[in-house]
Engineer: 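Here it is: the structure, laid out below.
Being a predicted model, the structure only gives us computed values, none of them experimental. When reading the values below, keep in mind they use all heavy atoms of this one structure, side chains included, and skip hydrogens, waters and symmetry mates.
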Amino acid sequence: RVVSTQSTGRGLRDIGSQATWWLSTCKPGFGVDHLRDNSLETYWQSDGQQPHFININFKRKTSVKAICFYVDYRQDESYTPSRISVRVGNNMLDLVEVAKVEMVEPPAGSTSTWTQAKTILSEPSCYR
């Protein structure tokens, strides 16, 4: 999920549907549709050499407050990412890393969780 503050400033809303999504790789049947279908039972599965990328392109400059992702260590097995880097820019050639999340497996008994790369930008207007 990609979230932004609402114009009222009272909360967050999912703005992922306002963007075009594409993946660097995926196994057949495990692509963008499964990544974005709001089901915790389906998922994107990468294929091929690392690193893997999820690219989210908004048609106009958009303020992003956080990027949320769901991980399930038991279901993912060895495919759970160990590190996630969030980069922003005006095109693929000027991307700047604004957040990095080191993934840590939760304690036994709680193998799935929502994780956020939140408060990505200290000055959001710099990367709208």
Side-chain angles (χ1 to χ4, degrees):
R1 299 201 192 318
V2 180
V3 295
S4 178
T5 53
Q6 296 176 344
S7 58
T8 62
R10 286 185 278 166
L12 300 176
R13 64 183 173 93
D14 187 344
I15 58 171
S17 62
Q18 298 173 17
T20 302
W21 294 63
W22 62 274
L23 307 168
S24 58
T25 67
C26 70
K27 290 194 176 192
F30 294 92
V32 171
D33 291 343
H34 280 87
L35 179 67
R36 298 272 308 135
D37 67 3
N38 288 322
S39 170
L40 299 181
E41 303 300 318
T42 60
Y43 50 91
W44 162 51
Q45 188 169 359
S46 59
D47 193 19
Q49 299 265 13
Q50 292 183 15
H52 305 297
F53 299 96
I54 300 171
N55 297 284
I56 307 167
N57 184 21
F58 290 93
K59 292 180 182 175
R60 63 180 89 133
K61 291 183 179 184
T62 304
S63 294
V64 174
K65 179 71 174 173
I67 296 177
C68 306
F69 41 93
Y70 181 81
V71 293
D72 186 328
Y73 284 84
R74 185 180 51 222
Q75 184 173 338
D76 295 345
E77 297 173 352
S78 64
Y79 295 101
T80 305
S82 59
R83 182 179 5 181
I84 295 175
S85 171
V86 178
R87 300 172 189 172
V88 300
N90 293 312
N91 61 60
M92 296 299 285
L93 300 176
D94 74 348
L95 297 177
V96 175
E97 185 175 84
V98 294
K100 188 187 316 183
V101 179
E102 299 291 332
M103 302 298 292
V104 178
E105 186 169 353
S110 60
T111 60
S112 59
T113 185
W114 277 97
T115 302
Q116 263 188 59
K118 59 184 172 180
T119 316
I120 294 170
L121 309 172
S122 57
E123 298 179 42
S125 60
C126 294
Y127 296 102
R128 284 189 75 164

Engineer: Show the numbers, then the answer: is there a side-chain hydrogen bond (donor to acceptor under 3.5 Å, both in side chains) between Ser85 and Arg83?
Structural biologist: CA-CA 7 Å; Ser85 171; Arg83 182 179 5 181; over 6 Å; no
Engineer: Nearest 0.5 Å, please: how far is CZ in Arg36 from CG in Asp14?
Structural biologist: 5.5 Å
Engineer: To the nearest 0.5 Å, tell me how far Leu35 CG sits from Leu23 CG.
Structural biologist: 6.0 Å
Engineer: Applying the 4.5 Å side-chain criterion to the ILVMFWY set and letting contacts propagate, would Val32 and Phe58 be lumped into a single cluster?
Structural biologist: yes
Engineer: Please name all residues satisfying side-chain contact (heavy atoms from CB on, under 4.5 Å) with Ser39, sequence neighbours left out, ordered by chain then number.
Structural biologist: Asp37, Glu41, Thr42
Engineer: Residues two or more places apart in sequence or in another chain: which of them pass side-chain contact (heavy atoms from CB on, under 4.5 Å) with His52?
Structural biologist: Ser24, Thr25, Trp44, Ser46, Gln50
Engineer: Under 4.5 Å between any side-chain heavy atoms of Phe69 and Met103, yes or no?
Structural biologist: yes
Engineer: Supply the atom-to-atom distance Glu102 CD to Ser82 OG, rounded to the nearest 0.5 angstrom.
Structural biologist: 7.0 Å
Engineer: Which residues pass the side-chain contact (heavy atoms from CB on, under 4.5 Å) test with Gln49, not counting sequence neighbours?
Structural biologist: none
Engineer: How many angstroms lie between atom CD of Gln18 and atom NZ of Lys59, to the nearest 0.5 angstrom?
Structural biologist: 10.0 Å
Engineer: Report the hydrophobic cluster partners of Phe30, with the cluster defined as I, L, V, M, F, W, Y residues connected by side-chain heavy atoms closer than 4.5 angstrom, directly or transitively.
Structural biologist: Tyr43
Engineer: What pair of heavy atoms forms the shortest contact from Asn90 to Asp94, and how long is it?
Structural biologist: N-OD1, 2.9 Å
Engineer: Among all residues two or more places apart in sequence or in another chain, which pass the side-chain contact (heavy atoms from CB on, under 4.5 Å) test with Asp33?
Structural biologist: none
Engineer: If we ignore hydrogens and angles and just use 3.5 Å, is the side chain of Trp21 paired with the main-chain N or O of Gly16 as donor and acceptor?
Structural biologist: yes
Engineer: If you measure from CD1 on Ile56 to CD1 on Ile67, what distance do you get to the nearest 0.5 Å?
Structural biologist: 5.0 Å
